[in-house]
Amino acid sequence: GLNASDIISLLPTHPSLHLASVDEVGLRADRSEILTYLAVGAPGIKPWLRLKREHKTRRIDVVATDEGIGSYGTWQTRQAAYLRQGGRRGWSSIRAVAVDSASSVLTTERWPLYLRTESGWSLNTAVADEFRRATRQRHNRRAIFLPQPWVEMGVLDGSCYHRHVQQIARASSEAGFQFAVRPHPAENSARYEEWDVLAGSTPAELDPRVTSASVVIGATSTALVNLASIFAIPALRLVTPGMEHLEQGLSTGQASLLDAFVPEPVSYTHLRAHETVLDLVCRLLLEKKTHKLEYTNCRRSRTVYTNS
C-alpha cells in the first residue's frame, strides 16, 4: 500500500505549503503556520497525540480523506474486515470501535469522494478532478481484472481462484479484449505470470494503464467503483465463487453507493440454460462493448502532516 512518502508525492506543491510525515523525528512547525493533519481514512490516535505533544497549545486541523468503501461502512463492517484479515474477534471489535470513535471525535473536515444527498449519491467533483489530474487517458482494448488477496488471507484455495481467473481471461479474449491483471498490493503477483501483469505501488485509480481500459472486472472493491465513477469505465462486478457472503455483509450505505455507480453483482447463479461460466462472462463483456454506462485560500503558510 501507500506510505507517507507516496502520499506526499501525490499532493500539490506550493511555496507556502510544507509537507511532512508525522514520523519525522523532532519535527516542529513555525508558530506562524497553520497545522493540518491529513489522514487517509480515519485519523490515527497515536499520530495525533505525537503532533499534540510537539505543539501542545496549537490548534491542529484534521482533514480525513476516504480510505475506500470502508469509509462508508459502519464499525460492524470494519470489524468484519479485520476478522477476514485474521484478527481475533475481541481485538477486532475494540479496534473497529476505536477507529470509528477517532474518526468522529478528531476529524474537523472530511474530503470524501462521494457525497450523499436526498436524491442519492454523487461524485465530489473537486476530489474526482484530483484523480483525473494525476492520470492521462489513452483508450486501449484491455479488460483489466482487479483481484483481491483472498488466497493470501487464507479464505480461498489458490488453485480454485486460479481457475476462476482463467475463465475470466478466456472470456475476455473471446469477447475481443486484451486481458490484463492489476494485482492487489497484498498479493503475490507471480500468481498471474501467464497474463499481462500491471503491477504498481500506486492505487489503480492513479495508473494510466488502468484508467484507459475498455472494461474493468472484479469483485466488489474500492478500485472497481472508483474507476467506474471517476473515469466512466464500464465495470463488470463479478462475485468470486466462495465469497458470496461478502455482498450480504455490506452496510446499507456501502450497498447503495455501489449500486449508484456500478451494475449489480453477478454470480454464477445467473447462468442461463446450457450456458457455462465462460459463456456468462463472455456474454456480459460483449454487453459492455455495446452499452456504455451512464453516470449521472488561506494566505498564511500551512504545514500539512500525513500518515499512511
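These numbers come from the heavy atoms of this one structure, side chains and all, not from hydrogens, waters or symmetry mates. Note that this is a predicted model, so its numbers are computed, not measured.
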Worksheet item: If you round to the nearest 0.5 Å, how far is OG1 of T220 from CE of M243?
Response: 10.5 Å
Discussion item. Once side-chain contact (heavy atoms from CB on, under 4.5 Å) is applied, do any residues pair with T57, and if so which ones, sequence neighbours excluded?
Written reply: R31
Worksheet item: Which pair of heavy atoms, one from P183 and one from P147, lies closest together, and at what distance?
Response: CA-CG, 3.9 Å
Worksheet item: Side-chain contact, heavy-atom cut-off 4.5 Å: N226 with Y114?
Response: yes
Practice prompt. Go through the structure and list residues passing side-chain contact (heavy atoms from CB on, under 4.5 Å) with L224, not counting sequence neighbours.
Written response: L146, V216, S221, A235, R237
Worksheet item: If every non-hydrogen atom of P265 is compared with every non-hydrogen atom of V239, which pair is closest and at what distance?
Response: CB-CG2, 3.7 Å
Discussion item. Any side-chain to backbone donor/acceptor pair from Q254 onto I69? Under 3.5 Å, distance only.
Written reply: yes
Worksheet entry | Rounded distance (nearest 0.5 Å) linking atom CZ of R133 with atom CD of E130 | 4.5 Å
Item to complete: Output every pair passing ring pair (Phe, Tyr, Trp, His ring centres under 6.0 Å) with a member in residues 83-113, not counting sequence neighbours, ordered by first then second residue.
Response: none
Discussion item. Surrounding CZ of R88 (heavy atoms of other residues, nucleotides or ligands, distance under 6.0 Å), is the total greater than 12?
Written reply: no
Response to the item:
Residue set satisfying side-chain contact (heavy atoms from CB on, under 4.5 Å) with S104, at least two apart, ordered chain then number -> none
Worksheet item: What are the two closest heavy atoms between D66 and P112, and how far apart are they?
Response: OD1-CA, 3.5 Å
Worksheet item: Taking it one step at a time, do L250 and T77 satisfy side chain to side chain contact (heavy atoms under 4.5 Å, CB included)?
Response: CA-CA 7 Å; L250 295 171; T77 57; over 6 Å; no
Worksheet item: By salt bridge (charged side-chain N to carboxylate O under 4.0 Å, His left out), which residues pair with R89, not counting sequence neighbours?
Response: none
Item to complete: Kindly work out whether a path of hydrophobic side-chain contacts (I/L/V/M/F/W/Y, heavy atoms less than 4.5 Å apart) joins I45 to I94.
Response: no
Discussion item. Any side-chain to backbone donor/acceptor pair from R58 onto L51? Under 3.5 Å, distance only.
Written reply: no
Fill in: Qualifying residues under salt bridge (charged side-chain N to carboxylate O under 4.0 Å, His left out), relative to E205, sequence neighbours excluded
none
Fill in: Residues forming a side-chain hydrogen bond (donor to acceptor under 3.5 Å, both in side chains) with N124, sequence neighbours excluded
none
Worksheet item: Of all heavy-atom pairs between A128 and L123, which one has the smallest distance, and what is that distance?
Response: CB-CD1, 4.2 Å
Item to complete: List the steps, then state whether side chain to side chain contact (heavy atoms under 4.5 Å, CB included) holds for L106 with Y37.
Response: CA-CA 10 Å; L106 298 180; Y37 169 28; 5.8 Å; no
Response to the item:
Shortest non-hydrogen pair, R116 vs G253, comes out as NH1-CA, 3.8 Å
Item to complete: For T252, check side-chain hydrogen bond (donor to acceptor under 3.5 Å, both in side chains) against everything at least two apart and list the hits.
Response: none
Worksheet item: Should N140 and S212 be marked as a side-chain hydrogen bond (donor to acceptor under 3.5 Å, both in side chains) after you check the CA-CA gap, both sets of side-chain angles, and the distance that decides it?
Response: CA-CA 6 Å; N140 60 49; S212 56; 2.9 Å; yes
Worksheet item: Does T107 use its side chain to pair, donor to acceptor, with the backbone of V62 at less than 3.5 Å?
Response: no
Fill in: W150 side, atom CH2; Y161 side, atom OH - distance, nearest 0.5 Å
8.0 Å
Worksheet item: side chain to side chain contact (heavy atoms under 4.5 Å, CB included) between Q148 and M153: does it pass, once the steps are laid out?
Response: CA-CA 9 Å; Q148 295 293 313; M153 292 167 64; over 6 Å; no
Worksheet item: What distance do S173 atom OG and Q178 atom CD have between them, rounded to the nearest 0.5 Å?
Response: 9.5 Å
Worksheet item: Which residues pass the side-chain hydrogen bond (donor to acceptor under 3.5 Å, both in side chains) test with E187, sequence neighbours left out?
Response: R191, Y192
Worksheet entry | I230 side chain near L113 side chain, heavy-atom distance below 4.5 Å | yes
Worksheet entry | Student check: side-chain heavy atoms of I168 and I217 closer than 4.5 Å | yes
Discussion item. Quick check for you: to the nearest 0.5 Å, what is the distance between S21 atom OG and L38 atom CG?
Written reply: 11.5 Å
Worksheet entry | With W195 via ring pair (Phe, Tyr, Trp, His ring centres under 6.0 Å) - residues at least two apart | H162, F179
Worksheet item: Can you list the residues that meet the side-chain hydrogen bond (donor to acceptor under 3.5 Å, both in side chains) rule with S256, with sequence neighbours excluded?
Response: W121
Item to complete: Could you tell me which residues satisfy side-chain contact (heavy atoms from CB on, under 4.5 Å) with H14, sequence neighbours excluded, listed by chain and number?
Response: S16, L17
Worksheet, complete the sentence: Rounding to 0.5 Å, atoms CG (L238) and CZ (F145) come to a distance of 7.5 Å
Item to complete: Applying side chain to side chain contact (heavy atoms under 4.5 Å, CB included), run through L35 and H55 and close with a yes or a no.
Response: CA-CA 9 Å; L35 300 181; H55 310 88; 3.6 Å; yes
Fill in: Minimal non-hydrogen separation, I144 against V210, with atom names
CD1-CA, 3.6 Å
